[in-house]
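See structure below.
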Amino acid sequence: MALSTKPLSGMRQRLPGEFRVEKYVTDTLSLCSVQAGFEEYDGPVVEPFALFAAKSGGELAGKQSYCFTDRGGREVILRPEMTPSLARMVAAQGELQLPVRWYSMPLCYRYERPQRGRVREFLQYNLDILGSESLAAELEVILVLQGIMNLFRAPASIYRIGWSSRRFMADALARCGVDQSTRAAVFSAIDKRDKMKGEVWTELLADACASSTIADKVASLVSAGSLSDPWLMDLMQGSSTFDEIVKFNGLLEDVGVTSAVFSPGVVRGLDYYTGIVFELVDTGGENNRSLCGGGRYDDLVGLFGNKKISGVGFGLGVLTLTLFLETYSLIPDSVKKAAPAEVYIAVLSPDEIASAGSLAIFFRRDGIRVMMDVSGKKLGKQYSEAERYGISSVVTVGPDEVETGLYRMKTLSDGVVFTGSPEELSRRLR
RNA sequence: GUGGGUGUAGUUCAGUUGGUAGAGCCCCUGAUUGUGGUUCAGGUGGUCGCCGGUUCAAGCCCGGUCACCCACCCCA
């Protein structure tokens, strides 16, 4: 019985053309990180199940995970996200100079049904600062995020960075009369607002609040468009959590990050966020999921001992970002159609293979990317091969060339033929 | 886990009330035996997802099953 030609559902497999696009995206992300002084790290793909059970959130660690018992009887999991591993790595380093600014491009795994922008094995770019409690850390990571969008030439009109604060929302909800016991349900209801019709959502919210008067207040809170809203200022009088988001809003304005807007409806799913939270969404509606989610987590590093180290960072889906970029034609043609070489060496007959190889070595030493024919087909087919690859020049090696040391190089775009020694050809190619 | 859609050549798809399987593109060969693109002539390639049922006869009808896609849940 023949084996299936398909990979397991949702697992990555990249043909060169697809891989080139993904590489362009990840290279750009790395560049933005490095420009902001972030250093790359990596962690294990297989982790103890308990690492995620504690703080990641019920579904992520439970239903949506690849977990199994290994041969030593340990409950293990293929990491569904990176941040807990990062927290452990930082907690384990006794002499680490804080704060640290690290980034990573891990493969992560979630067992869910694949759909557009959601697969089971995916790259998730992560960028974090640990060991700083200053709002400057939040600002810095959002600046990197903004820098990423700028480098991809995404105009501000097609995306938005919505942000809020868990601390603030907990405080504000309490002031609205939401009981602590129903807070989680209310958060969950708030999170769903944009996905539902108005009346349905109102009903859901009233359900979660167990009171329509409280629900009305929560609805007003979530729809507050600005921090200077009189109703909001009245509600939050004397609140330090409100002061914090006003201060952060001021920082964003002063730096000129106009794509970041205060959005009380932003809650984020992961349980470990405690302070500022944010997400980046496509405003065009073509990709209705968030491309990126992040925030501050105060208690994650503390899980590994007595150290209290606060962190702030975000995860960004390479696949979701790529779909976003493709939707708006932001992947350059030069990436999509990149040729694998500058020159193709056509070999007339098996007698010239060694000479062609020597010529290839010569060009490669000069830093020129050279593809030597290995098909053994007729000369015309070799030219077609070069054409298919998008290679711009073809040098033919036959008995005449080997004897005289002069080679003919044809530029495929205009058909012009140049004849010369390897040195002359090389100079022309550079 | 829930709901909807689609499975026919490498690929994109057509296929009439059930009557022996089709097109474009791609690929291969030649015209052009040392030079690509355009053109022309020819050619390869399908257990119609799989299993069963109805029928003289099934790509088409019925039942089941699997796979993929989309949406929900959740999230990158």
Side-chain angles (χ1 to χ4, degrees), chain A residues 1-2 4-10 15 25-26 29 52 56-65 79-83 104-127 145 188 191-192 195-196 266-271 273 278-282 287-294 313-324 344-349 351-352 373 375 377-402 407-419:
Chain A
M1 168 135 165
S4 171
T5 55
K6 289 175 190 160
L8 284 175
S9 177
L15 296 170
V25 173
T26 54
L29 291 170
F52 297 92
S56 287
E59 289 231 344
L60 227 190
K63 290 173 70 179
Q64 292 188 349
S65 67
R79 63 182 174 205
E81 54 147 342
M82 194 60 170
T83 314
S104 192
M105 203 73 69
L107 268 177
C108 297
Y109 298 81
R110 292 183 192 174
Y111 196 87
E112 58 186 338
R113 189 166 295 189
Q115 55 185 296
R116 178 175 162 86
R118 289 294 178 274
V119 290
R120 290 179 171 177
E121 180 183 47
F122 57 98
L123 280 174
Q124 189 198 59
Y125 166 72
N126 275 250
L127 182 109
L145 185 56
S188 162
D191 198 34
K192 291 184 171 63
K195 290 185 179 174
M196 308 177 73
V266 172
V267 175
R268 301 309 309 158
L270 295 169
D271 286 348
Y273 291 129
F278 57 91
E279 63 186 13
L280 189 149
V281 295
D282 178 352
N287 306 286
N288 62 359
R289 290 182 197 83
S290 54
L291 307 185
C292 160
F314 62 84
L316 189 160
V318 171
L319 174 61
T320 51
L321 175 61
T322 304
L323 287 173
F324 170 80
Y344 192 97
I345 297 183
V347 186
L348 191 63
S349 79
D351 295 338
E352 285 81 38
D373 181 77
S375 73
K377 290 178 184 168
K378 292 167 62 176
L379 204 55
K381 302 302 171 193
Q382 295 188 37
Y383 271 71
S384 297
E385 192 88 346
E387 170 81 14
R388 246 199 307 273
Y389 276 119
I391 297 170
S392 54
S393 303
V394 181
V395 177
T396 305
V397 178
D400 297 350
E401 286 79 5
V402 172
Y407 297 84
R408 286 196 286 173
M409 179 168 75
K410 186 170 184 176
T411 307
L412 294 185
S413 57
D414 53 17
V416 171
V417 176
F418 175 83
T419 307

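Of the P atoms belonging to B:U47 and B:C26, the separation is 24 Å, rounded to the nearest Å. For the P atom pair drawn from B:C72 and B:U11, the interatomic distance equals 29 Å after rounding to whole Å. Between the C1' atoms of B:C69 and B:G49, the separation comes to 15 Å (whole Å). A gap of 14 Å separates the C1' atoms of B:C13 and B:A21, to the nearest Å. The separation of B:U20 from B:C27, taken at their P atoms, amounts to 33 Å, rounded to a whole angstrom. Comparing B:C48 with B:C60, their C1' atoms are spaced 10 Å from each other, to the whole Å. Going from the P atom of B:G64 to that of B:G4 covers 13 Å, rounded to whole Å. Taking atom P on both B:G24 and B:U32, the two are 25 Å apart, rounded to the nearest angstrom.
Distance CZ (A:Arg388) to C1' (B:C25): 14 Å, rounded to an integer number of Å. A:Arg116 has its CZ atom 17 Å from the P atom of B:C73, to the nearest Å.
Looking at residues two or more places apart in sequence or on another chain, you find no side chain to side chain donor-acceptor pair (under 3.5 Å) involving A:Tyr273. Applying the side chain to side chain contact (heavy atoms under 4.5 Å, CB included) criterion to A:Ser384, with sequence neighbours excluded, gives no partner residue. Partners of A:Arg289 by side chain to side chain donor-acceptor pair (under 3.5 Å), not counting sequence neighbours, listed by chain and number: A:Gln115. For the side chain to side chain donor-acceptor pair (under 3.5 Å) test, residues two or more places apart in sequence or in another chain that qualify with A:Ser349 are A:Glu352. In this view, A:Asp373 and A:Tyr344, A:Ser375 satisfy the side chain to side chain donor-acceptor pair (under 3.5 Å) rule, not counting sequence neighbours. Scanning for ring pair (Phe, Tyr, Trp, His ring centres under 6.0 Å) contacts around A:Tyr111 gives A:Tyr66, with sequence neighbours left out.
Of all non-hydrogen atoms in A:Val394 and A:Ala386, the two that sit nearest each other are CG2-CB, 3.6 Å. Shortest non-hydrogen contact noted between A:Leu348 and A:Pro399 is CD2-CD, 3.6 Å.
For RNA chain B, if you chain together Watson-Crick or G-U pairs that step i with j, i+1 with j-1 and so on, the runs of at least three with distances under 3.5 Å are B:1-7 with B:66-72, B:10-13 with B:22-25, B:27-31 with B:39-43, B:49-53 with B:61-65.
Look at A:Ser4 and you won't find any side-chain N or O under 4.0 angstrom from OP1 or OP2 of B:A67. For B:C73, the OP1/OP2 oxygens have no side-chain nitrogen or oxygen of A:Arg289 closer than 4.0 Å. At least one side-chain nitrogen or oxygen of A:Gln115 sits closer than 4.0 Å to the OP1 or OP2 atom of B:A71.
Within the structure, salt bridge (Lys or Arg N to Asp or Glu O under 4.0 Å) pairs that include any residue of residues 385-399 of chain A comprise A:Glu385-A:Arg388 (at least two apart or interchain). Legend: salt bridge (Lys or Arg N to Asp or Glu O under 4.0 Å) pairs involving residues 115-127 of chain A, not counting sequence neighbours: none detected.
Nearest-nucleotide assignment on RNA chain B puts the 5′-proximal partner with A:Gly10, out of A:Gly10 and A:Arg118.
Within the nucleic acid shown, A:Ser349 has no heavy atom closer than 4.0 Å to any nucleic acid atom. At the heavy-atom level, A:Val119 lies under 4.0 Å from base atoms of the strands shown.
From A:Lys378, atom NZ reaches atom OH of A:Tyr383 across 14.5 Å, with rounding to the nearest 0.5 Å. Within the model, atoms OH of A:Tyr109 and CZ of A:Arg79 stand 7.5 Å from one another, a figure rounded to the nearest 0.5 Å. Rounding to the nearest 0.5 Å places CG of A:Leu127 at 12.5 Å from CE of A:Met82.
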What string of B, S and - do you get for nucleotides 1-8 of chain B 5' to 3' if you count protein non-hydrogen atoms under 4.0 Å?
BBB-----

Nucleotide by nucleotide, nucleotides 32-43 of chain B touches protein heavy atoms under 4.0 Å in the pattern (B base, S sugar-phosphate only, - none) --BBBB------

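If you check residues 314-324 of chain A against RNA chain B, the residues with a heavy atom closer than 4.0 Å are A:Gly315, A:Gly317, A:Thr320, listed by number.
Listed for the A:Gln382 side chain is a donor-acceptor partner under 3.5 Å among the backbone atoms of A:Val347. Judged purely by atom type and a 3.5 angstrom limit, A:Ser4 uses its side chain to pair as donor or acceptor with the backbone of A:Lys6.
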